[in-house]
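One structure is given below, encoded as structure tokens.
Atoms considered below: every heavy atom in the structure, side chains included; atoms not considered: hydrogens, waters and symmetry mates. Numbering starts at 1 and runs along the sequence shown.
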Amino acid sequence: MKVVTVIIGIIILLLNFSCKKQNQVNVKIERFDTDLYQLLTNNIDSNFENSFVEKYADFVPIYIGGVLRLQNRGNEKSMAILHSYFQDSTLMHLYADEQAKFRDVSAIERSLSEAISTYKLWFPKDSVPTFRMHVSGLTQSVITSGSVVSISGDKYLGKDYPLYKSYFYEYQLPTMQTENVVCDALKAFLEGRFPEANANILVDRMIYQGVVSVTVEQMLPQQDAKNLLGYEDKEFEWLTKNEKNIWIYMVESEQLYTSDQLTITKYMEEAPFTSFFGQSSPARIGRFIGYKIVKSYLKKKNLPISSLLPRFDAKNVLAESGYRP
């Protein structure tokens, strides 16, 4: 009997290994940022410019209009618009720093490869996203368009990066760490692949963000909850200590099912603190509670996170989670 058990175990391990190998993904980040930087800083002939525009034909219009928020004046060509925009010396200094910081992205590629390979185990028939990097001029951190996920390298130069002090509030800086790149890219990928169905009710948004966060956590098992959710040590300690009081307040105030957008914003978006709980509290408390509810639900129901990704009913997840901090 023991021999049979061992043989079965070996067969299962071999099958798992074969499955993982079959779905192994090797992510290579397309360096739109580096290619454009070379064009902006070197005397390169028009043929190279044309090949650049052709290579990124799907992305250049989105980059100009959606990321840089520039308008095409008449028949002005794409490269002329980009050359004009990046004449600003401060912007080019930022660009140079981004290039230096992300000269080697192999560690990021390895983490993304691991995460997307796990995703392919859950959804083997699903397509693999194309990852790129760009410089946004300090706008969006990550953008998605179709199957493309593009990372704004200039938004991840570290919370102590000098130029940030002039453009951002202190509470925004912790989310601009280099180690946040992979998590943010994966969140953007998941949000693009599985769009939020209902953003008008607080509990729906909380559970949705909880599902996204727990999915990324399982795609990147080396990440701890604090970094995953974008909190510093002191903030996460406050949340852990006050989790029960937060939940009691939300329930007793009948806020869970509110459609009031101001209340939803206070719980879900970036801010210096959450006004319901005073200036010592961190922001995005709704995302933290949503994460905890989803964790509780999966543990109680003994289900994989992939069972929630395609579709779920937030109210049922909450009711069946047994969440009681």
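Every residue two or more places apart in sequence or in another chain that forms a ring pair (Phe, Tyr, Trp, His ring centres under 6.0 Å) with Y267 is listed here: F276. Contacts of F86 classified as ring pair (Phe, Tyr, Trp, His ring centres under 6.0 Å), with partners at least two apart in sequence or in another chain: Y95. Under the side-chain hydrogen bond (donor to acceptor under 3.5 Å, both in side chains) criterion, N180 pairs with no residue at all, not counting sequence neighbours. Looking at residues two or more places apart in sequence or on another chain, you find a side-chain contact (heavy atoms from CB on, under 4.5 Å) between E179 and Q177. Residues satisfying the ring pair (Phe, Tyr, Trp, His ring centres under 6.0 Å) criterion with F48, sequence neighbours excluded, are absent altogether. Among residues two or more places apart in sequence or in another chain, the ring pair (Phe, Tyr, Trp, His ring centres under 6.0 Å) test is passed with Y297 by none. For K55, the salt bridge (charged side-chain N to carboxylate O under 4.0 Å, His left out) criterion is met by D35, not counting sequence neighbours.
For the pair Y164 and L138, the minimum side-chain heavy-atom distance is below 4.5 Å. You'll find the side chain of W122 reaches within 4.5 Å of the side chain of T215, heavy atoms only. Side-chain contact between S306 and Q218 is absent, with no heavy-atom pair separated by less than 4.5 Å. Side-chain contact check for I201 versus L256: every heavy-atom pair is 4.5 Å or farther apart. Between L70 and Y85 the shortest side-chain heavy-atom distance falls below 4.5 Å. Y119 has its side chain out of reach of V25: every pair of non-hydrogen atoms, C-beta onward, lies at least 4.5 Å apart. At a threshold of 4.5 Å between non-hydrogen side-chain atoms, the residues C183 and N227 do not count as touching. Put simply, the side chain of K165 reaches to within 4.5 Å of the side chain of L173, judged on heavy atoms.
Defined by atom type and a distance below 3.5 Å, a donor-acceptor pair is present between the side-chain atoms of E217 and Y291.
Taking all atoms of both residues into account, the shortest heavy-atom contact from T144 to A188 is CG2-O, 3.4 Å. Closest of all the heavy-atom pairs between L220 and A115 is CD2-CB, 4.0 Å. The two residues L298 and L308 make their nearest non-hydrogen contact at CD2-CD1, 3.9 Å. Pairing each heavy atom of A96 with each of Y37, the nearest pair is CB-OH, 3.5 Å. Here the closest non-hydrogen pair linking F288 and T240 is CZ-N, 4.5 Å. Here the closest non-hydrogen pair linking D126 and K120 is O-NZ, 2.6 Å.
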One pair to check against side chain to side chain contact (heavy atoms under 4.5 Å, CB included): Y161 and D154. What are the steps and the verdict?
CA-CA 10 Å; Y161 181 66; D154 54 321; over 6 Å; no
Apply side chain to side chain donor-acceptor pair (under 3.5 Å) to the pair S152 and Q140, showing each step before the final yes or no.
CA-CA 7 Å; S152 301; Q140 307 99 316; 5.8 Å; no
Test side chain to side chain contact (heavy atoms under 4.5 Å, CB included) on K295 and K299; report intermediate values, then the result.
CA-CA 6 Å; K295 294 274 286 185; K299 183 177 180 180; over 6 Å; no
Could you walk me through whether F102 and T178 pass the side chain to side chain contact (heavy atoms under 4.5 Å, CB included) test, one step at a time?
CA-CA 9 Å; F102 294 105; T178 305; 3.8 Å; yes
Where do E269 and R287 land on the salt bridge (charged side-chain N to carboxylate O under 4.0 Å, His left out) test, with the steps shown first?
CA-CA 9 Å; E269 305 301 336; R287 298 180 185 232; 3.8 Å; yes
Given E196 and R205, is the side chain to side chain contact (heavy atoms under 4.5 Å, CB included) satisfied, shown in steps?
CA-CA 8 Å; E196 191 169 9; R205 289 199 62 186; 3.0 Å; yes
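In the hydrophobic clustering of this structure, Y257 groups with V251; members are Ile, Leu, Val, Met, Phe, Trp, Tyr whose side-chain heavy atoms approach within less than 4.5 Å, directly or through other members. Cluster annotation: L163 and M176 are assigned to the same hydrophobic cluster (Ile/Leu/Val/Met/Phe/Trp/Tyr, side-chain heavy-atom contacts under 4.5 Å, transitive). Note on L68: it clusters hydrophobically with Y167, by side-chain heavy-atom contacts below 4.5 Å among ILVMFWY residues. With hydrophobic clusters built from ILVMFWY side chains whose heavy atoms lie under 4.5 angstrom apart, F273 does not share a cluster with L202.
Side-chain atoms of Q261 come within 3.5 Å of backbone atoms of S259 as a donor-acceptor pair (strictly under, hydrogens ignored). No donor-acceptor pair under 3.5 Å is formed between the side chain of S213 and the backbone N or O of G210. With hydrogens and angles disregarded, no donor-acceptor distance shorter than 3.5 Å links the side chain of S111 to the backbone of I108. Without hydrogens or angle criteria, S84 side chain to I81 main chain gives no donor-acceptor distance under 3.5 Å.
Grouped with I248 in a hydrophobic cluster is no other residue, since no side-chain heavy-atom contact under 4.5 Å to another Ile, Leu, Val, Met, Phe, Trp or Tyr is found. Y169 forms part of a hydrophobic cluster together with Y171, judged by ILVMFWY side-chain heavy-atom separations under 4.5 Å.
Ring geometry for F59 against Y63 counts as parallel: the plane angle stays under 30°, on a 0 to 90° scale with 60° as the upper cut. Classified by interplanar angle (parallel below 30°, tilted 30° to 60°, perpendicular above 60°), the ring pair F32/Y56 is perpendicular.
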Side chains of residues 312-324: which donor-acceptor pairs under 3.5 Å do they make with residues two or more places apart or in other chains?
unit_1 : atom_1 : unit_2 : atom_2 : d
D313   : OD1    : K315   : N      : 2.9
D313   : OD1    : N316   : N      : 3.1
E320   : OE1    : K301   : NZ     : 3.1
S321   : OG     : L318   : O      : 2.8
S321   : OG     : Y323   : N      : 3.1
Y323   : OH     : E243   : OE2    : 2.6

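Remark: I151 CD1 to M133 CE distance equals 5.5 Å, nearest 0.5 Å. Residue I285 holds its CD1 atom at 8.0 Å from CG of N242, rounded to the nearest 0.5 Å. Atom CG of L82 and atom CZ of F52 lie 6.5 Å apart (nearest 0.5 Å). Atom CG of L239 sits about 8.5 Å away from atom CG of L229, to the nearest 0.5 Å.
By the 6.0 Å contact criterion, CD on E54 is open, its count of non-hydrogen atoms from other residues, nucleotides or ligands being 12 or less.
Annotation: cation-pi pair R284/Y231 present, NZ/CZ under 6.0 Å from the ring centroid and within 45° of its normal.
Residue pairs meeting the salt bridge (charged side-chain N to carboxylate O under 4.0 Å, His left out) criterion with at least one partner in residues 103-114, sequence neighbours excluded, are K28-E109. Sorted by first and then second residue, the pairs that involve residues 221-231 and meet salt bridge (charged side-chain N to carboxylate O under 4.0 Å, His left out), not counting sequence neighbours, are K226-D233.
The existence of a salt bridge linking D184 and K155 is excluded, since no basic side-chain nitrogen approaches an acidic carboxylate oxygen closer than 4.0 Å.
Only one option out of R132, Q99, Q38 pairs with D33 in a side-chain hydrogen bond (donor to acceptor under 3.5 Å, both in side chains); it is Q99.
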